[in-house]
Amino acid sequence: MRLLLVLALWLVAAAIGFAVEAGGLRQFDAAVLLGLAGPARAAGWPVAVLLFATVAGSAAVRLPVAVAVGVVLAWRRDWTGAAVLAATTIGVLVGNAWLKQIVGRARPDILNHLAVETSLSFPSGHASNASAVFLCIGWLLVRHGMRARLVWPIAIVFVLLVGVSRVVLGVHWPSDVIAGWCVGTGWMLLCTAFARPRPVGPAVRTL
């Protein structure tokens, strides 16, 4: 079932990529971008929240967090968890850069950008990397005894905020973000699919 979900997510991302190259999503993207960014910018305070989300999902924060979690996993001798996190973090970073070069889409040009970006647009690196890495960290927290019903909602909402922030800031088309979520989530599910059970150790206090 998990591998079928991975395939479905990647097929959606591929379909979006083909539609982008064919020029079929311009009207949809423009309508959603303006529909999200216009009210958020008019209100003012959502922009500050989303700027925080975009910084939290950036490589400057994401990679140190991943390294710190990896160190803790190694200290706890969860080598499988550390390997899965490393594969997830590095793989999605390389894969996203590769996909950007294949599609070669320019950044949105219908709103001023509230963040400085110079790379290509499709898929969103923030969306794909955040979904892969932070959902993987969520999986690791559950693996080590934290309650899934607490961890997953927080992780999912954070990933959604990171993606939405890219649209409101005007630096990504909505389809870039949707494809990024699909790519990153699919990669995380694939990397965790074959993980061995965590070694039995001292009891972990749950929240």
[atom2] on [Y] to [atom1] on [X], rounded to 0.5 Å:
X: S124; Y: H172; atom1: OG; atom2: NE2; answer: 3.5 Å
X: T185; Y: L190; atom1: OG1; atom2: CG; answer: 12.5 Å
X: W139; Y: M146; atom1: CH2; atom2: CE; answer: 15.5 Å
X: I16; Y: C182; atom1: CD1; atom2: SG; answer: 5.5 Å
X: L189; Y: C136; atom1: CG; atom2: SG; answer: 10.0 Å
X: L85; Y: D78; atom1: CG; atom2: CG; answer: 10.0 Å

Restricting to non-hydrogen atoms, name the atom on [X] and the atom on [Y] that form the minimum distance, rounded to 0.1 Å.
X: L50; Y: S165; value: O-CB, 3.2 Å
X: P123; Y: N96; value: CG-OD1, 3.2 Å
X: V168; Y: L114; value: O-CD1, 4.5 Å
X: R143; Y: A195; value: NH1-CB, 4.4 Å
X: A148; Y: P153; value: O-CD, 3.7 Å
X: W181; Y: S131; value: O-OG, 3.8 Å

Kindly say whether [Y] contributes a backbone atom to a donor-acceptor pair with the side chain of [X] at under 3.5 angstrom?
X: K100; Y: S119; value: no
X: W187; Y: A87; value: yes
X: H113; Y: G170; value: yes

Determine whether [X] and [Y] make a side-chain contact, defined as any pair of heavy atoms from C-beta on separated by less than 4.5 Å.
X: L120; Y: V103; result: no
X: L135; Y: I156; result: yes
X: V183; Y: L99; result: yes
X: L161; Y: F52; result: no

Open item on the list: For a side chain to side chain contact (heavy atoms under 4.5 Å, CB included) check, start with the C-alpha distance between L51 and V55, then their side-chain angles and the critical distance, and finish with the verdict.
Closed with: CA-CA 6 Å; L51 275 170; V55 171; 5.7 Å; no

- [ ] Check the angle between the aromatic planes of F134 and F158 and answer parallel, tilted or perpendicular using the 30° and 60° thresholds.
- [x]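 Because their plane-to-plane angle is over 60°, the rings of F134 and F158 count as perpendicular.
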
TODO: Check step by step if side chain to side chain contact (heavy atoms under 4.5 Å, CB included) holds for E117 and H126.
DONE: CA-CA 11 Å; E117 296 291 348; H126 274 69; 4.1 Å; yes

Task: Partner of R62 under side chain to side chain contact (heavy atoms under 4.5 Å, CB included), chosen from I137, V162, L93 - done: L93

Task: V116: hydrophobic cluster co-members (side-chain, 4.5 Å) - done: none

Kindly list each side-chain donor-acceptor pair under 3.5 angstrom involving residues 17-35, sequence neighbours excluded, with atom names and distances?
{"residue": "R26", "atom": "NH2", "partner": "D109", "partner atom": "OD1", "Å": "3.1"}
{"residue": "D29", "atom": "OD1", "partner": "S175", "partner atom": "N", "Å": "2.9"}
{"residue": "D29", "atom": "OD1", "partner": "S175", "partner atom": "OG", "Å": "3.1"}
{"residue": "D29", "atom": "OD2", "partner": "R105", "partner atom": "NH2", "Å": "2.7"}
{"residue": "D29", "atom": "OD2", "partner": "S175", "partner atom": "OG", "Å": "2.7"}

TODO: Give a yes or no on whether a salt bridge exists between D176 and R107, defined as a side-chain N under 4.0 angstrom from a carboxylate O.
DONE: no

Open item on the list: Do R2 and T192 pair up side chain to side chain, a donor and an acceptor below 3.5 Å, judged on atom types alone?
Closed with: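 A pair is found: one side chain offers a donor N or O, the other an acceptor, under 3.5 Å apart.
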
